[in-house]
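Quick note: numbers below take in every heavy atom, side chains included, and nothing from hydrogens, waters or symmetry partners. Proteins come first, then strands; the chains are lettered A, B, ... in the order of their sequence lines, and each starts at number 1.
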Amino acid sequence: MKYSELLIPTLREAPADAEVVSHQLMLRAGYIRKLASGVYSYLPLCLRVIRKIEKIVREEMESSGAHELLLPIVMPAELWTESGRWDRYGPELLRFKDRHEREFCIGPTHEEAITDLIRHEIKSYRDLPKNCFQIQTKFRDEVRPRFGLMRGREFIMKDGYSFDRDEENALKTYELMYDAYKRIFTRCGLAFRPVEAMTGAIGGSRSHEFQVLADSGEDAIVACDQCEYAANVEKAEIQSSSDDVHQTSAIKGKFRKVPTPGKKTADEVGPVVRLLPQQITKTLVFETDKGLMIGMVRADHQLVEEKFKQATGVEWCHLAHEDAVLKTIGAPVGYVGPIGVTIPVYADHALLAMENFLVGANEKDMHLVDVNLGDFNVTQFSDLRRAVAGDACPRCGGKYSEHRGIEVGQVFYLGTKYSEPMGAHFTDEAGKDQPMVMGCYGIGIGRTAAAAIEQNHDDRGIIWPMPIAPFHVEIIPLARDGEVFEVATKLAAECEDSNIEVLIDDRDVRAGVKFNDAELIGIPYQIVIGMKGLQEGVVEFKDRRTGMTEKIKRDDVLARMLTIFHQEGMS
RNA sequence: CGGGGCGUGGCGCAGCCUGGUAGCGCACUUGCAUGGGGUGCAAGGGGUCGCUGGUUCGAGUCCAGUCGCCCCGACCA
């Protein structure tokens with residue numbers, strides 16, 4: 001394809017609002033342009049990358065038994081009312097009314113639409129399982145869109161939904177999809193890690209996120225250095241080492257009150273009483289559907305609400321408001337402690353290893369020191385905190401290391417969360433009515449492209465992995481006529497005949513401009529054709545990634561490209 | 001939703017404090033030179049200064065409102 005015919009508006013400077021590399025490079029290299037906050041146009045190069053990713057996704061999905069369909073983008077409110085999400089989804093759901101004042105929304109995801117379709121069409125166990133996917137533009141009215149395609153409001157997503165007759169089969173489908181995802185991201189040339197993710201309030205469900213490792217990632221994950229276990233920090237289980245448990249419950253009444261006027265946080269209190277954060281506890285009061293409850297963690301740890309919900313078995317929880325705390329505990333926020341309170345106290349495992357620690361005195365400007373576990377009632381010790389580097393892995397006892405990741409895909413075992421309320425039932429062999437067991441599986445297509453750039457770039461521009469590069473090779477003739485251009489055109493035609501995708505820079509610009517643009521747009525191989533080389537019968541062959549250049553005989557170039565093709569596992 | 005910042009030619013910015021002919025770099029057009037890493041010289045074109053209202057003889061500049069965009073935060077005591 002001719003460079004001159006394509007729309008590739010490269011920029012010397014990146015627009016000031018681009019924060020992360022992938023966003024800057026996509027703008028500079030002429031891949032995307034912003035139309036509104038979080039809404040982007042995909043220019044030709046970008047679309048080619050997206051199509052490549054989609055192709056890989058399609059191939060792997062189809063070969064795993066999932067088949068493509070296309071659901072509407074616009075859905076009536078009734079469907080969402082039925083699932084209960086019209087009210088629960090919040091302002092991220094873009095809603096509007098048609099001319100008859102009927103309410104609609106633009107799909108941020110399609111559980112409702114697919115469940116509606118399937119419940120009408122599938123009646124018998126004989127018709128199961130079914131696994132459908134689509135690749136479609138979604139809209140989520142994000143509070144704060146940022147980082148270009150990484151967190152846009154409008155975005156392209158592959159979303160798949162599976163329907164099985166029972167949990168056993170649904171979990172098999174889950175495994176199939178999990179394996180397909182591994183192949184997809186491997187084929188895209190990405191360094192990624194599947195990690196266990198939060199499952200929310202649905203019991204017995206499973207979820208994995210596929211995280212592309214990158215420092216600019218928005219998600220924090222921990223990975224074990226000994227085994228395969230990896231998880232989102234919010235989800236990661238932490239092994240409470242029994243060696244650390246001190247039998248301090250025997251010690252009682254040793255504590256004493258110390259004045260800490262105006263000092264509320266551990267950072268403030270610590271220096272006053274000369275204690276490290278590891279010797280201080282935080283007592284957090286939560287409002288829940290079962291009334292007020294306390295969660296206690298060490299001051300340098302962070303409580304995870306999801307873990308708290310699981311430990312306590314409550315449906316919902318959020319930190320209690322200051323007034324509520326003052327009213328129930330009798331002390332202002334910052335001075336709350338577990339001693340003498342009447343509401344349930346859930347404590348993190350880490351407290352088992354603490355002795356002579358500090359808590360709030362339930363009295364303004366006062367804390368208690370030399371407190372031990374025997375001094376107050378704990379309803380239950382649980383894993384309540386966010387994992388950090390150095391924590392122990394529950395599977396093998398190895399140590400966690402912490403990483404940043406970009407979530408490019410997610411697989412989720414849904415169970416009957418949608419089939420039950422929406423009446424997606426089938427009749428089994430015994431003639432009994434059963435809810436279908438579902439799973440859902442998403443991949444952010446645009447985000448995958450962005451993640452690939454985060455992982456593959458240098459200070460000159462993008463370096464695409466071969467399987468998702470917009471073109472395989474860029475031919476750069478240093479003249480627009482004569483032998484140089486003739487050779488270039490001929491070589492391009494030969495490559496294209498061998499299914500190698502070629503971008504030929506036929507523009508009337510200086511060599512330097514072509515070189516710089518070539519580095520920027522990141523096509524993995526470059527072939528530079530100039531007069532000097534041709535006189536020796538050679539052209540220059542450059543690997544964008546390594547920057548290595550070598551002179552190759554003109555007649556050997558095609559063979560060379562084909563060799564690389566095979567090495568890269570392309571056909 | 002709270003806090004902060006920014007809206008001046010396609011992009012990046014200066015000018016605003018202290019009101020008085022709207023500027024710079026890149027990009028664009030034309031000509032000449034150049035032709036292997038964003039080349040040089042010369043001549044050009046292009047801006048209701050986000051919008052509305054106010055103060056003033058006079059507003060890009062001061063004031064109020066409004067819209068848009070960006071950043072940080074959203075209660076872990």
**Q** Could you give the distance separating B/U48 and B/A22 at their C1' atoms, to the nearest angstrom?
**A**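 Those two atoms are separated by 13 Å.
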**Q** Once you apply a heavy-atom cut-off of 4.0 Å, does A/Arg460 come out as touching a base, just sugar-phosphate, or nothing?
**A**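 A/Arg460: base contact, heavy atoms under 4.0 Å.
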**Q** Within the 4.0 Å heavy-atom criterion, would you say A/Asp300 contacts the bases, only the backbone, or no part of the nucleic acid?
**A**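 The residue A/Asp300 makes no contact with any strand.
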**Q** Roughly how far apart, to the nearest Å, are B/C1 and B/G19 at atom C1'?
**A**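 The answer is 38 Å between these two C1' atoms.
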**Q** How many Å lie between CD on A/Glu306 and C1' on B/C76, as a whole number?
**A**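 Checked: the CD to C1' distance equals 15 Å.
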**Q** Toward the 5' end of RNA chain B, which comes first, A/Asp508 or A/Asp517, by nearest nucleotide?
**A**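 So the residue in question is A/Asp508.
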**Q** Give one of base, sugar-phosphate or nothing for A/Glu519, where a contact means two heavy atoms less than 4.0 Å apart.
**A**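 Result for A/Glu519 = base.
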**Q** Does the pair A/Lys551/A/Glu536 count as a salt bridge with the N-to-O cut at 4.0 Å?
**A**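 Salt bridge flag = no for A/Glu536 with A/Lys551.
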**Q** OP1, OP2 of B/C70 versus side-chain N and O of A/Ser37: anything below 4.0 Å?
**A**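 Result: yes.
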**Q** Do A/Glu154 and A/Thr137 have side chains that approach each other closer than 4.5 Å (heavy atoms only, starting at C-beta)?
**A**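 A side-chain contact exists here, since the closest heavy-atom pair is under 4.5 Å.
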**Q** Can you give one letter per nucleotide of nucleotides 4-14 of chain B, going 5' to 3': B for a protein heavy atom under 4.0 Å from the base, S for sugar-phosphate only, - for none?
**A** -------BSS-
**Q** Test A/His367 against A/Tyr335 for side-chain contact (heavy atoms from CB on, under 4.5 Å), laying out the working first.
**A** CA-CA 6 Å; A/His367 281 86; A/Tyr335 303 98; 3.5 Å; yes
**Q** Regarding A/Lys364, tell me which of base, sugar-phosphate or nothing describes its non-hydrogen contacts under 4.0 Å with the strands shown.
**A**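 Contact class for A/Lys364: none.
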**Q** Sorted by first residue and then second, give each salt bridge (charged side-chain N to carboxylate O under 4.0 Å, His left out) pair with at least one member in residues 286-301 of chain A; sequence neighbours left out.
**A**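 Sorted result for residues 286-301 of chain A: A/Arg298-A/Asp300.
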**Q** Rounding to the closest angstrom, what is the interatomic distance between B/G7 and B/U52 at atom C1'?
**A**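 The same atom, C1', in both gives a distance of 16 Å.
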**Q** On RNA chain B, does the nearest nucleotide to A/Val528 precede the nearest nucleotide to A/Val297 from the 5' side, or the other way round? Give the residue.
**A**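 Upstream on the strand: A/Val528.
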**Q** Give the nucleotide from the list B/G36, B/G37, B/C76 with an atom nearest to the side chain of A/Lys542.
**A**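 From the listed options, B/G37 comes nearest.
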**Q** Base, sugar-phosphate, or nothing for A/Arg146, non-hydrogen atoms under 4.0 angstrom?
**A**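 Sugar-phosphate only.
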**Q** Apply side-chain hydrogen bond (donor to acceptor under 3.5 Å, both in side chains) to A/Arg507 and list each qualifying residue two or more places apart in sequence or on a separate chain.
**A**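 For A/Arg507, the residues satisfying side-chain hydrogen bond (donor to acceptor under 3.5 Å, both in side chains) (neighbours in sequence not counted) are A/Asp505, A/Asp517.
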